[in-house]
Amino acid sequence: EMTGFARRVVVQPSPRTALEALSSAKKTSDLPEIIFLDVMMPVMDGFGFLEEFARLPEKTKQHCRIIMLSTSESFRDLNRANKNRYVSKFLNKPLSEEVIGAINV
């Protein structure tokens, strides 16, 4: 929000509520263009989210770009994210204004 990257920012309290919001979207304009997905989250990690995301309708998967975030510099996480067809980028946190500005929408 502070960088003006997007007109609208929606924060979901958990991966499960994010998946529910994505699956209940009535039209593509209700879907986010970009999803910032943290690798480490309680209850369901980012990779668990990706498994569930793969089951969503094709229009949802085609519309949403996923950018995975991590504080870890684990090559295992990086390789796993890069192998997932729904992850468009893997970035380290914290995000700077320069990094956010370099993301092509």
**Student:** Using side-chain contact (heavy atoms from CB on, under 4.5 Å) as the criterion, point out the one residue from L78, N84, N79 that pairs with F90.
**Tutor:** L78
**Student:** In the single-linkage hydrophobic clustering (I, L, V, M, F, W, Y; side-chain heavy atoms under 4.5 Å), do F53 and I34 co-cluster?
**Tutor:**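 Cluster IDs for F53 and I34 differ.
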**Student:** Taking the side chain as every heavy atom from C-beta outward, state whether L95 and L69 have any atom pair closer than 4.5 Å.
**Tutor:**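 Yes; the side chains approach each other to less than 4.5 Å.
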**Student:** Between the main-chain N or O of Q12 and the side-chain N or O of T17, is there a donor-acceptor pair closer than 3.5 Å?
**Tutor:** no
**Student:** Side-chain contact test, heavy atoms from C-beta onward, threshold under 4.5 Å: evaluate it for K89 versus I66 and give yes or no.
**Tutor:** no
**Student:** What is the minimum heavy-atom distance between G46 and L37, and which atoms define it?
**Tutor:** O-CD2, 3.6 Å
**Student:** What is the distance from atom CG of L50 to atom CZ of R85, rounded to the nearest 0.5 Å?
**Tutor:** 11.5 Å
**Student:** Just checking E58: does its CD atom have more than 12 heavy atoms from other residues, nucleotides or ligands closer to it than 6.0 angstrom?
**Tutor:**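 Above 12, so yes.
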**Student:** Does L56 offer a backbone N or O that forms a donor-acceptor pair with the side chain of T60 under 3.5 Å?
**Tutor:** no
**Student:** When you compare the side chain of I67 with that of V87, does any pair of heavy atoms fall below 4.5 Å?
**Tutor:**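 No - every pair of side-chain heavy atoms lies 4.5 Å or more apart.
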**Student:** Is the shortest side-chain heavy-atom distance between I103 and F36 below 4.5 Å?
**Tutor:** yes
**Student:** So, using side-chain contact (heavy atoms from CB on, under 4.5 Å) as the criterion, who are the partners of D45 when residues are at least two apart?
**Tutor:**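 If we apply the side-chain contact (heavy atoms from CB on, under 4.5 Å) test to D45, skipping adjacent residues, the hits are F47.
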**Student:** Determine yes or no for a side-chain-to-main-chain donor-acceptor pair under 3.5 angstrom, with K61 supplying the side chain and A54 the backbone.
**Tutor:** yes
**Student:** Which heavy atom of F49 sits nearest to which heavy atom of A18, and what is that distance?
**Tutor:**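 Minimum heavy-atom contact is CE1-CB, 4.0 Å.
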**Student:** Can you name the nearest heavy-atom pair linking M68 to A81, along with the distance?
**Tutor:**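 Closest heavy-atom pair between M68 and A81: SD-CB, 3.8 Å.
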**Student:** Under 6.0 Å from the CE atom of M41, do we count more than 12 heavy atoms belonging to anything else shown?
**Tutor:** yes
**Student:** For the residue pair D38 and S70, what are the closest heavy atoms and their distance?
**Tutor:**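 The answer is OD1-CA, 4.3 Å.
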**Student:** Taking all heavy atoms of P32 and all of H63, pick out the closest pair and write down the distance.
**Tutor:**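 Nearest heavy atoms, P32 then H63: O-CD2, 3.3 Å.
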**Student:** Should L19 and M44 count as side-chain neighbours, where that means a heavy-atom distance under 4.5 Å?
**Tutor:** yes
